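Down below is the structure, laid out as structure tokens.
Bear in mind the structure is a predicted one, so any value in this text is a computation, not a measurement.
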Amino acid sequence: MSDKQQKLDERYLRMARIWAENSYCQRRQVGALVVKDKMIISDGYNGTPSGFENVCEDENNVTKPYVLHAEANAITKLARSSNNSDGSTLYVTASPCIECSKLIIQSGIRRVVYGEKYRLTDGIELLRRAGIEVVYLEL
């Protein structure tokens, strides 16, 4: 990876971290940006679907089953726009789960840069199996 690409990756990942601050989730705030040709074409953070109350956890501090992950929000937002994610890069503050990895593969994203490792690695393994470049970038 070139020094220029490394610097871009660090900047976009920092921006995803700032975007995560929009999340109302208490347990973990996650942010995601989809970048194509050096332009942010979509963004997302974890939270409840549109029209739901902005409460991600139940009274036992367990995440509600309908909370959307940041990657899913960013990818589905693209579906409602005139942009497409073919060949783009996804910057996400935490490593993608297997469900989000399936969406990433199907959306045409070719590269994933993430900043925190999650205890489950099946999502990362699936991305690599699909030929998607995966970069762990600890800031």
Side-chain angles (χ1 to χ4, degrees):
M1 182 180 354
S2 72
D3 191 48
K4 185 176 181 180
Q5 184 64 57
Q6 172 88 17
K7 287 188 184 322
L8 280 173
D9 287 349
E10 289 171 1
R11 285 185 194 120
Y12 284 124
L13 194 55
R14 281 196 308 269
M15 291 170 72
R17 284 209 172 117
I18 290 168
W19 199 246
E21 295 173 14
N22 288 314
S23 173
Y24 287 89
C25 295
Q26 301 297 312
R27 293 180 65 209
R28 173 179 268 185
Q29 293 179 315
V30 179
L33 297 176
V34 180
V35 176
K36 186 174 180 177
D37 301 325
K38 296 183 185 173
M39 292 185 335
I40 297 169
I41 60 169
S42 191
D43 55 59
Y45 51 87
N46 58 325
T48 57
S50 298
F52 282 65
E53 74 290 344
N54 287 322
V55 179
C56 298
E57 295 84 13
D58 64 19
E59 59 279 348
N60 298 316
N61 201 32
V62 174
T63 301
K64 294 178 180 178
Y66 53 84
V67 168
L68 290 158
H69 290 187
E71 308 94 313
N73 265 327
I75 291 168
T76 56
K77 196 175 192 180
L78 273 168
R80 297 178 70 170
S81 76
S82 60
N83 288 317
N84 76 68
S85 50
D86 280 341
S88 63
T89 298
L90 172 72
Y91 294 90
V92 61
T93 57
S95 61
C97 69
I98 195 154
E99 292 301 319
C100 287
S101 292
K102 290 189 271 187
L103 292 174
I104 292 164
I105 292 164
Q106 290 299 97
S107 70
I109 291 170
R110 300 305 316 149
R111 196 164 172 268
V112 174
V113 179
Y114 68 99
E116 290 176 28
K117 291 183 179 178
Y118 187 59
R119 61 181 169 80
L120 300 175
T121 60
D122 50 356
I124 295 296
E125 291 163 13
L126 185 66
L127 291 172
R128 288 194 173 119
R129 184 175 169 200
I132 293 173
E133 180 185 353
V134 179
V135 178
Y136 169 59
L137 193 59
E138 192 174 21
L139 293 182

Does the side chain of [Y] come within less than 4.5 Å of [X]'s, by heavy atoms?
{"X": "Y114", "Y": "I124", "value": "yes"}
{"X": "E125", "Y": "I98", "value": "no"}
{"X": "C56", "Y": "N46", "value": "no"}
{"X": "V30", "Y": "H69", "value": "no"}
{"X": "Y91", "Y": "E10", "value": "no"}
{"X": "V67", "Y": "C25", "value": "yes"}
{"X": "L8", "Y": "R11", "value": "yes"}
{"X": "C97", "Y": "Y118", "value": "no"}

Is there a path of hydrophobic side-chain contacts, each under 4.5 Å between heavy atoms of I/L/V/M/F/W/Y residues, joining [Y] to [X]?
{"X": "L137", "Y": "V134", "result": "no"}
{"X": "I41", "Y": "V113", "result": "no"}
{"X": "W19", "Y": "L68", "result": "no"}
{"X": "V135", "Y": "L13", "result": "yes"}
{"X": "V112", "Y": "V35", "result": "no"}

Donor-acceptor under 3.5 Å ([X] side chain, [Y] main chain):
{"X": "S101", "Y": "G123", "result": "yes"}
{"X": "D58", "Y": "N60", "result": "yes"}
{"X": "T93", "Y": "G31", "result": "yes"}
{"X": "S42", "Y": "A74", "result": "yes"}
{"X": "Y12", "Y": "K38", "result": "yes"}
{"X": "Q26", "Y": "E57", "result": "no"}
{"X": "S85", "Y": "S88", "result": "no"}
{"X": "K36", "Y": "G87", "result": "no"}
{"X": "N84", "Y": "D86", "result": "yes"}
{"X": "R110", "Y": "G131", "result": "yes"}

(Q) More than 12 heavy atoms of other residues, nucleotides or ligands under 6.0 Å from CD of Q106: yes or no? (A) no

Q: Determine whether more than 12 heavy atoms belonging to other residues, nucleotides or ligands lie under 6.0 Å from atom CD of E53.
A: yes

Q: State, without any angle test, whether N73 and Y45 hold a side-chain donor-acceptor pair at a distance under 3.5 Å.
A: no

To the nearest 0.5 Å, how far apart are [atom1] in [X] and [atom2] in [Y]?
{"X": "I104", "Y": "I132", "atom1": "CD1", "atom2": "CD1", "answer": "7.0 Å"}
{"X": "T76", "Y": "L103", "atom1": "OG1", "atom2": "CG", "answer": "8.0 Å"}
{"X": "E71", "Y": "L90", "atom1": "CD", "atom2": "CG", "answer": "6.0 Å"}
{"X": "I18", "Y": "L33", "atom1": "CD1", "atom2": "CG", "answer": "9.5 Å"}
{"X": "S95", "Y": "L127", "atom1": "OG", "atom2": "CG", "answer": "9.5 Å"}
{"X": "I40", "Y": "N83", "atom1": "CD1", "atom2": "CG", "answer": "12.0 Å"}

Q.
Exactly one of Q5, K7, Q6 should register a side chain to side chain donor-acceptor pair (under 3.5 Å) with D9. Which one does?
A. Q5

Q: Report the C-alpha distance between I75 and I109 in whole Å, list the side-chain angles of each, state the deciding distance to 0.1 Å, and finish with yes or no for side chain to side chain contact (heavy atoms under 4.5 Å, CB included).
A: CA-CA 10 Å; I75 291 168; I109 291 170; 4.2 Å; yes

Q) So, are K102 and E99 salt-bridged, with charged N and O less than 4.0 Å apart? A) yes

